Amino acid sequence: MARVGGELKLLGLWASPFVTRAKLALQIKGLSYEYVEEDLGNKSELLLSSNPVHKAVPVLIHNGKPVCESSVIVQYIDDAFAGTGPSLLPADPYQRAVARFWAAYLEDKLVEPWFKMLDGTRTRAEMGEGVKQMLAAVATLEGALAQCSKGRPFFGGDGVGYVDVALGGLLVWVRASEVLLGVKFLDAARTPLLAAWAERFASLDAAKATLPDFGRVIKHAMMRRGAAAAALAQNN
């Protein structure tokens, strides 16, 4: 990949779907960068100084200047390297607004309940409600894909766009959640467009280069849930 527009460094964690989003954007744009794996139990001084508000990954450092939060990073990459690789956001202002709307919807309606379900501390009733919320969100995204793609392969049309990157970064974790929770979220019978989209997205060279290993993610998630449940039991 070509190095364009100065030095790029990404601070991340291999399992983070939000870091994966940043990696996907960089890969799709064809940008070379240095990746620094962080230990969130012993955060580096670079991370703490680069993201003093949240002290979290991902952080993209471009020519010494930090950019934080995955959605902001993806949009920054698209803007800062507008002349390099394909555009992730449409040129038309209305279509850009639509893409941003659906990316925000993802965070609010899919990511939030998903995080709550995987932390290992929820009651059976809370888990059931979380699954219901996620299934409703996925059903809405099925309609969004039809609206945005207009019969083409991706949310971005013929090529991968901003919403594809936002959802694609979560793809391995969604698959892992299906195993951990015993619920099929991307179901060919219920959401055929999204199920086909997921297969297409996973087959992309950029996805193969950046998506974390499924088995490793499963083990990581089980360890996190076990540790959270043990801590909860100890405190009760």
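Basis for what follows: all heavy atoms, side chains included, without hydrogens, waters or symmetry-related copies. Computed from a predicted structure; not experimentally measured.
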Student: Tell me, please, which residues at least two apart from E112 pass salt bridge (Lys or Arg N to Asp or Glu O under 4.0 Å).
Tutor: none

Student: With heavy-atom distances below 4.5 Å as the criterion, would you say the side chains of K9 and V36 are in contact?
Tutor: yes

Student: With a 4.5 Å cut-off on side-chain heavy atoms, are P90 and Y162 touching?
Tutor: no

Student: Taking only residues two or more places apart in sequence, or in another chain, which ones meet W114 in a side-chain hydrogen bond (donor to acceptor under 3.5 Å, both in side chains)?
Tutor: S177

Student: Which pairs pass salt bridge (Lys or Arg N to Asp or Glu O under 4.0 Å) with one or both residues in residues 180-198, sequence neighbours excluded?
Tutor: E178-K184

Student: Between C68 and V59, which heavy-atom pair has the shortest distance, and what is it?
Tutor: SG-CG2, 4.1 Å

Student: Check side-chain hydrogen bond (donor to acceptor under 3.5 Å, both in side chains) between S70 and all other residues, then give those that pass, not counting sequence neighbours.
Tutor: R21

Student: Quick check: closest heavy atoms across P17 and G169, and the distance to 0.1 Å?
Tutor: CB-O, 3.3 Å

Student: Could you tell me which residues satisfy side-chain hydrogen bond (donor to acceptor under 3.5 Å, both in side chains) with T123, sequence neighbours excluded, listed by chain and number?
Tutor: E126

Student: Specify the closest pair of heavy atoms between L10 and P58, including all atoms of both residues, with the distance to one decimal.
Tutor: CD1-CB, 4.1 Å

Student: Taking L24 as the fixed residue, which of L88, T210, V19 is the one that meets the side chain to side chain contact (heavy atoms under 4.5 Å, CB included) rule?
Tutor: T210

Student: Which residues satisfy the salt bridge (Lys or Arg N to Asp or Glu O under 4.0 Å) test with K132, sequence neighbours excluded?
Tutor: E129

Student: Which pairs with one or both residues in residues 163-174 pass salt bridge (Lys or Arg N to Asp or Glu O under 4.0 Å), sequence neighbours excluded?
Tutor: none

Student: Does a side-chain heavy-atom distance below 4.5 Å link Q27 with D205?
Tutor: no

Student: Write down the atom of L46, the atom of S49, and the distance for their closest heavy-atom approach.
Tutor: O-OG, 3.1 Å

Student: Could you list all the salt bridge (Lys or Arg N to Asp or Glu O under 4.0 Å) pairs where at least one residue sits in residues 36-59, not counting sequence neighbours?
Tutor: none

Student: Heavy-atom distance under 4.5 Å between the side chains of L194 and L167, does that happen here?
Tutor: yes

Student: For residues 135-152, pull every pair meeting side-chain hydrogen bond (donor to acceptor under 3.5 Å, both in side chains), keeping only residues two or more places apart or in separate chains.
Tutor: Y105-T140

Student: Do any pairs count as a ring-ring contact (aromatic ring centres under 6.0 Å, His included) and have a residue in residues 198-224, sequence neighbours left out, and if so which ones?
Tutor: W14-H220, W197-F201

Student: Less than 4.5 Å apart, any side-chain heavy atom of T20 and any of V172?
Tutor: no

Student: Any idea which heavy atoms bring N51 and A56 closest together, and the distance?
Tutor: ND2-O, 2.9 Å

Student: Within a 6.0 Å radius of atom CE on M222, are there more than 12 heavy atoms belonging to other residues, nucleotides or ligands?
Tutor: no

Student: Looking at every heavy atom in both A22 and I77, which two are closest together, and how far apart are they?
Tutor: O-CD1, 4.1 Å

Student: Could you name each residue pair satisfying salt bridge (Lys or Arg N to Asp or Glu O under 4.0 Å) that touches residues 75-104, not counting sequence neighbours?
Tutor: K29-D78, D79-R96

Student: Quick one: salt bridge (Lys or Arg N to Asp or Glu O under 4.0 Å) partners of K109, sequence neighbours excluded?
Tutor: none

Student: Are F115 and F18 near enough that their ring centres are under 6.0 Å apart?
Tutor: yes

